[in-house]
Amino acid sequence: MKRTDKEGFVEGFRENLKDSPAIFLTDFSGLDVKSMTVLRDELRKSGAEFLVVKNRLVRLALQDTELPDVSEWLIGPTGVVIGHTGPVAAAKAVADFAKEHDDRPTFKVAVLDNSVLDPSQIDRLAKLPPRDVLLSMLAGVLEAPMSALVGAMEGKMQEMSGLLEALREKQEGEGA
């Protein structure tokens, strides 16, 4: 790669990193080209991309950004996963792929909202349910107090109706 090509790549890569909500650094050693192609396809389906980039170029791309310094993890073969649509789908895609391919690739570190996540935190992120399930769980949590209030109000209305009926019967009994 020529120097001008590298400079153009670094600039484009830097913009890609800035616009992404989640970045994962992985160790892809032990994967063959066919497996890497499958991984790229899976990540593309989940709204992410997988790039094999020289560590030096990643360091250069991160220099003029507000992202935390992750240069200590830029050792050995490094694959960069850029989650364009969000962190959970990308982490889940890599974790699911690794289960089927001898735990490869492995997570080195992630950057999520300018915070550095270690591999155990990334694994917890990958185990989160999909967004739709989380939203339905939230709706259920919000609905429960309202349902309890409606039930209590309905019970009080029935109680009031019973009291009014008893009062009416008492008045009819006295007046008859």
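Numbering of residues begins at 1 and proceeds along the displayed sequence. No hydrogens, no waters, no symmetry mates; every other heavy atom, side chains included, goes into these values.
Annotation: the span from D132 atom CG to L135 atom CG amounts to 6.5 Å, rounded to 0.5 Å. Here the straight-line distance linking atom CE of M153 with atom CE of M157 works out to 7.5 Å at 0.5 Å rounding. Between the CD atom in E154 and the OG atom in S161 there is a gap of 11.5 Å [rounded to 0.5 Å]. The CD atom of E143 lies 11.0 Å from the OG atom of S136; values are rounded to the nearest 0.5 Å.
If you check the side chains of D123 and S120, you find no donor sitting under 3.5 Å from an acceptor. Side-chain contact annotation: D113 with S115, donor-acceptor N/O pair under 3.5 Å absent.
Among V116, L74, T26, the one residue that satisfies the side chain to side chain contact (heavy atoms under 4.5 Å, CB included) test with V109 is V116.
Between R40 and R44, the closest side-chain pair of non-hydrogen atoms falls below 4.5 Å. At least one side-chain heavy atom of R56 sits under 4.5 Å from a side-chain heavy atom of K6. L25 has its side chain within reach of V80: a pair of non-hydrogen atoms, C-beta onward, lies under 4.5 Å apart. Taking the side chain as every heavy atom from C-beta outward, D96 and E42 never approach each other to under 4.5 Å.
Atom CD of E66 sits in a sparse spot, with 12 or fewer heavy atoms from other residues, nucleotides or ligands closer than 6.0 Å. In the displayed structure, R168 atom CZ is contacted under 6.0 Å by more than 12 heavy atoms of other residues, nucleotides or ligands.
Side-chain atoms of D102 never come within 3.5 Å of backbone atoms of R104 as a donor-acceptor pair (strictly under, hydrogens ignored). Of the possible donor and acceptor atoms, one in the side chain of T37 sits under 3.5 Å from a partner among the backbone N and O of V33.
Contact between K108 and P77 at its shortest, heavy atoms only, is NZ-O, 3.4 Å.
In the hydrophobic clustering, where aliphatic and aromatic side chains (Ile, Leu, Val, Met, Phe, Trp, Tyr) are joined below 4.5 Å either directly or transitively, V38 groups with F24, F28, L31, M36, L39, L43, F50, V52, V81, V88, V94, F97, F107, L112, L117, I122, L125, L128.
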If you apply the rule side chain to side chain contact (heavy atoms under 4.5 Å, CB included), what do you find for N114 with L67, and how did you get there? CA-CA 5 Å; N114 288 338; L67 296 172; 3.3 Å; yes

With a cut-off of 3.5 Å and sequence neighbours excluded, list every side-chain donor-acceptor pair involving residues 12-23.
unit_1, atom_1, unit_2, atom_2, d
R14, NE, A61, O, 3.0
R14, NH1, E11, OE1, 2.8
R14, NH2, L60, O, 2.8
N16, ND2, E49, OE2, 3.0
S20, OG, A22, N, 3.3
S20, OG, A22, O, 2.7
S20, OG, G83, O, 3.1

